[in-house]
J.: 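Supplied in C-alpha cells, the structure appears directly below.
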Amino acid sequence: MNKVLQLGLQSSVVNVAKFLVVPLRGLRAGSSIVGVRVETISINKRLMSNAIVKSLPFSISNNTRNELKIVAAAATDQNCNQMGSDSDRDAMGNLQNDQKEIEAMTVQELRTTLRKLGLPVKGRKQELISTLRLHMDSNLPVSDGSSGSEQKETTSSTRSESVTIKRKIRNREEPTEDECINCEASGIGQKRVKQSTEKNSKAKVSSKAISKERKSMTKTGKQQFQSKEEASSTLSSEFVTTEEIISSPSQSEPWTVLAHKKPQKDWKAYNPKTMRPLPLPEGTKCVKVMTWNVNGLRALLKLESFSALQLAQRENFDVLCLQETKLQEKDVEDIKKTLIDGYDHSFWSCSVSKLGYSGTAIISRIKPLSVKYGTGLSGSDHDMEGRIVTAEFDSFYLINTYVPNSGDGLKRLAYRIEEWDRILSDYIKELEKSKPVILTGDLNCAHEEIDIFNPAGNKRSAGFTIEERQSFGANFLDKGLVDTFRKQHPGVIGYTYWGYRHGGRKTNKGWRLDYFLVSESIAAKVHDSYILPDINGSDHCPIGLILKL
C-alpha cells in the first residue's frame, strides 16, 4: 500500500456520481447502499476502493494531476499523533499496510477495533468496514502541511455528515408497519413518500451547508485538503438526492433486495444476472423446461405488456408448463389457434367440477411419447379439477401439477396432506420404475423459512403450516426427489410468488411456491434451475430448468 495514486477531475464531480451508479446495481439495497455512500464520503483521501480505481473510465492529465492525491501509505507514529493511544496507532498502522486485512476481519474483530477507537459498532459487516476505512483515511498523512488538529476537525465533520446521511437513508427505507403474510398477501405497508422527500431535502441542505462552510476556509496550506472534502461532500449530496441511484435496486430490480424478517448472516438475495451459470457449449444435448402459474391465461394474453412471442424468443424453451389457466374445455381450441409457431403439441386439463377454476397445460415443440391426465383414480378431485398433466419423453416423465391450496381457514388442509400429497407421491414412485421424473408447477408450499419473507407470522397460513411442510418433505424430498433450486442455491432467497394485496412484488416480500423437483438419478444432470422475477403478468413468475440429456 505504499503507492501514491494521482487522479485528476476535469469535469464536474457529478459525472463521477453517475459513473458510480453501475456498481450499485450489483449490491443489496438498504444497508448496503448506506455502506457505499459512507465509502464514497471517505473520498477525501482515497476517492474509491482499489477495485473501482482500476476501472475508472476517465483519463489523468498532467495539468490536473495535482488537484487530488490519493495517499495510501502506512502511517507511522510520527504522522499519527491524532489517532489516539499508542495501541490504537499500532492497530491502524497494521491495517493500513494492507487493506485486505480489513476485508478478512470478522464482524466481532471489526467491532472490537471500532469500539477501541471510539467509533460506532452497529451495522452489517460492510458498514463496519466502511466506518473503519473512513477513520483510516481521515488519519492518513497529508502532504500539504496541514496540522493534525485541522485534519481531525475537518474529517470529524465529514464522519458526522456520513452518519447523518446514513441515518436518513435508513429511516427512509424502514417500512412503516408490519403485517402478516397469507397465501394471497405477501407485502407489508408502503413507504412514506412524503416523509422520504422531506428527509431527502434536509440531507441535501445539510450537505450544501457543510460545503459552503468549507469554501470559506482561507487559502493556506489547507487548500488542497479542503478541495478534497468539497468533492466528497458534493458526491455525498448526489448520492442522497439522485433518485436514479437510490431507487434503481429497490424499484427496477426489487428481487435483488434481501427481504426477510429474520435472515441468517450468510443468506443472499437471488439475482439471475449474477447467479446463473454460463450457457452450455453449443451442441450440448439438453432440454429447457419452464413453468408458470399464470393466474388466468385469457387475462394474461389480453395484457398489452405481455408478449408470448417475446418470452419464447428470449428463453427459447422446449416445453412450457402452465398452472391455473382457468380455462373451460370450450376455450381450448381457440387458445390453441394462438399458439406460437413451432410449439405444435399442447395438452390441456380443465376443471369439470368447478368451471373456470384451476387448470393445467403442457405446450411443447417436442412431441411426447404419451400423455396422461390426472392420476388415473376415477372420480378423485385430482382428476375432476384438472390439476395434473403428465408427458412422457425419451429420457423422463414430466409431471405438471397445480397442488390444491389448503384454503381460507385451512379447510382443505386434511385433504391436502392426507390424500393429495400421498396419492401424488405414490404416482411418482410408480412412474420412476421405468423412467426418472421431473415434477414441476405451483406446489403451494414454502418448504423452509428461507422460502418465505415472514415465517413467524405465517405459521398457520395455508402454504406454510407445519403439517404442509412436513408432508412436503415426507412425500417428496424424503422419497428421492431433489429440490433443484435449493440444491444449486443453498443460501439464496428467491421468491416466485408475491401477493397483490399489499404490493409485495415491489418490496420483494414473497414466497417460493413454484418448484422443479427431479428424481435423484438425474439431479446431477441439472445445469441450471432458475427464477425469472422480472416477468410480470401474474402474481407468480416463471421458473426454468435446463437438463443435460
Side-chain angles (χ1 to χ4, degrees), residues 181-187 289-312 314-315 317 319-340 343 346-364 373-374 381-389 399-408 412 416 440-446 462-463 495-506 510-515 531-544:
I181 304 175
N182 55 37
C183 277
E184 297 180 359
S186 59
V289 184
M290 296 198 67
T291 186
W292 191 8
N293 180 322
V294 292
N295 192 17
L297 182 58
R298 286 175 298 181
L300 175 65
L301 294 176
K302 291 178 181 179
L303 292 177
E304 295 182 358
S305 60
F306 172 76
S307 170
L309 177 60
Q310 291 178 352
L311 177 62
R314 166 181 156 176
E315 294 302 318
F317 50 77
V319 186
L320 175 64
C321 298
L322 303 177
Q323 303 89 44
E324 208 171 356
T325 58
K326 298 183 180 180
L327 296 180
Q328 299 181 36
E329 291 182 349
K330 64 182 180 65
D331 301 322
V332 171
E333 290 304 318
D334 289 337
I335 293 294
K336 282 185 176 181
K337 295 177 183 178
T338 66
L339 293 179
I340 301 169
Y343 295 90
S346 64
F347 312 93
W348 306 78
S349 182
C350 303
S351 173
V352 295
S353 62
K354 184 177 179 181
L355 299 182
Y357 172 73
S358 186
T360 51
I362 292 180
I363 303 170
S364 176
Y373 301 92
D381 284 351
H382 298 61
D383 299 349
M384 300 296 288
E385 295 182 353
R387 292 183 177 275
I388 296 178
V389 181
I399 304 175
N400 176 28
T401 182
Y402 176 40
V403 173
N405 191 298
S406 294
D408 294 337
R412 298 191 81 183
R416 161 74 182 274
T440 188
D442 179 0
L443 303 190
N444 255 320
C445 179
Y495 301 133
T496 65
Y497 165 83
W498 304 264
Y500 285 136
R501 187 175 301 173
H502 296 286
R505 195 157 190 154
K506 295 180 180 179
W511 305 49
R512 186 170 75 101
L513 301 178
D514 305 86
Y515 296 80
I531 299 173
L532 296 177
D534 62 310
I535 296 181
N536 297 296
S538 169
D539 49 3
H540 292 251
C541 74
I543 64 173

J.: Start with the C-alpha distance between Leu301 and Ile335, add both sets of side-chain angles, then the distance that settles side chain to side chain contact (heavy atoms under 4.5 Å, CB included), and finish with yes or no.
T.: CA-CA 10 Å; Leu301 294 176; Ile335 293 294; 4.0 Å; yes
J.: If you compare all heavy atoms of Leu300 against all heavy atoms of Phe306, which two are closest, and at what distance to 0.1 Å?
T.: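 Smallest heavy-atom distance, with atoms named: O-CD2, 3.7 Å.
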J.: Could you tell me if the side chain of Thr360 sits less than 4.5 Å from the side chain of Thr401, heavy atoms only?
T.: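 A side-chain contact is absent here, since even the closest heavy-atom pair is not under 4.5 Å.
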J.: Can you check whether Glu324 reaches Asp539 side chain to side chain, under 4.5 Å on heavy atoms?
T.: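 A side-chain contact under 4.5 Å is absent here.
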J.: Nearest 0.5 angstrom please: Leu320 CG to Leu311 CG, how far?
T.: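 So the gap between those two atoms works out to 7.0 Å.
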J.: Grab the two heavy atoms, one from Gly386 and one from Ser358, that are nearest each other, plus how far apart they are.
T.: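 Closest heavy-atom pair between Gly386 and Ser358: O-OG, 4.1 Å.
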J.: Looking only at non-hydrogen atoms, find the nearest pair between Arg387 and Ser349 and report the distance.
T.: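 The answer is N-OG, 4.3 Å.
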J.: How long is the gap from OG on Ser364 to CZ on Phe317, to the nearest 0.5 Å?
T.: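 If I round to the nearest 0.5 Å, the distance is 10.0 Å.
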J.: SG of Cys445 to CZ of Arg512: how many Å apart, nearest 0.5 Å?
T.: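 So the gap between those two atoms works out to 10.0 Å.
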J.: Could you pull out the closest heavy-atom pair between Lys336 and Ser346, with the gap in Å?
T.: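 The pair with the smallest heavy-atom distance is CE-OG, 3.5 Å.
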J.: Quick one: does any side-chain atom of Trp292 pair with a main-chain N or O of His540 as donor and acceptor, under 3.5 Å?
T.: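 Flag set: sc Trp292 to bb His540 pair under 3.5 Å.
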J.: Just verifying a value: how many Å separate Ser351 OG and Gln328 CD, rounded to the nearest 0.5 Å?
T.: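 Reported to 0.5 Å precision, the distance equals 9.0 Å.
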J.: Which pair of non-hydrogen atoms, one from Asn295 and one from Lys326, has the smallest distance, and what is that distance?
T.: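 So the minimum-distance heavy-atom pair works out to OD1-NZ, 3.0 Å.
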J.: Have a look at Asp442 and tell me which of Tyr497, Tyr402, Tyr515 forms a side chain to side chain contact (heavy atoms under 4.5 Å, CB included) with it.
T.: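 Single pass found, and it is Tyr402.
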J.: Report yes or no: does Asn400 contribute a side-chain atom to a donor-acceptor pair with the main-chain N or O of Leu322 at less than 3.5 Å?
T.: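 Yes, because the side chain of Asn400 sits within donor-acceptor range (under 3.5 Å) of the backbone of Leu322.
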J.: If you take all heavy atoms of Arg505 and Ile535, which pair is closest and at what distance?
T.: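 Taking every non-hydrogen atom into account, NH2-O, 2.5 Å.
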J.: Between Trp498 and Cys541, is the side chain to side chain contact (heavy atoms under 4.5 Å, CB included) condition met? List the steps.
T.: CA-CA 9 Å; Trp498 304 264; Cys541 74; 3.8 Å; yes
J.: Can you tell me how far CG of Asn405 sits from CG of Leu513, rounded to the nearest 0.5 angstrom?
T.: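 Between Leu513 CG and Asn405 CG, I get 9.0 Å after rounding to 0.5 Å.
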J.: Name the residue from Thr440, Thr496, Asn444, Leu443 that meets the side chain to side chain contact (heavy atoms under 4.5 Å, CB included) definition with Asp514.
T.: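 Only one option passes, and that is Thr496.
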J.: First locate atom CG of Asn536, then atom CG of Asp534, and finally report the distance between them rounded to the nearest 0.5 Å.
T.: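 Between atom CG of Asn536 and atom CG of Asp534 there are 7.5 Å.
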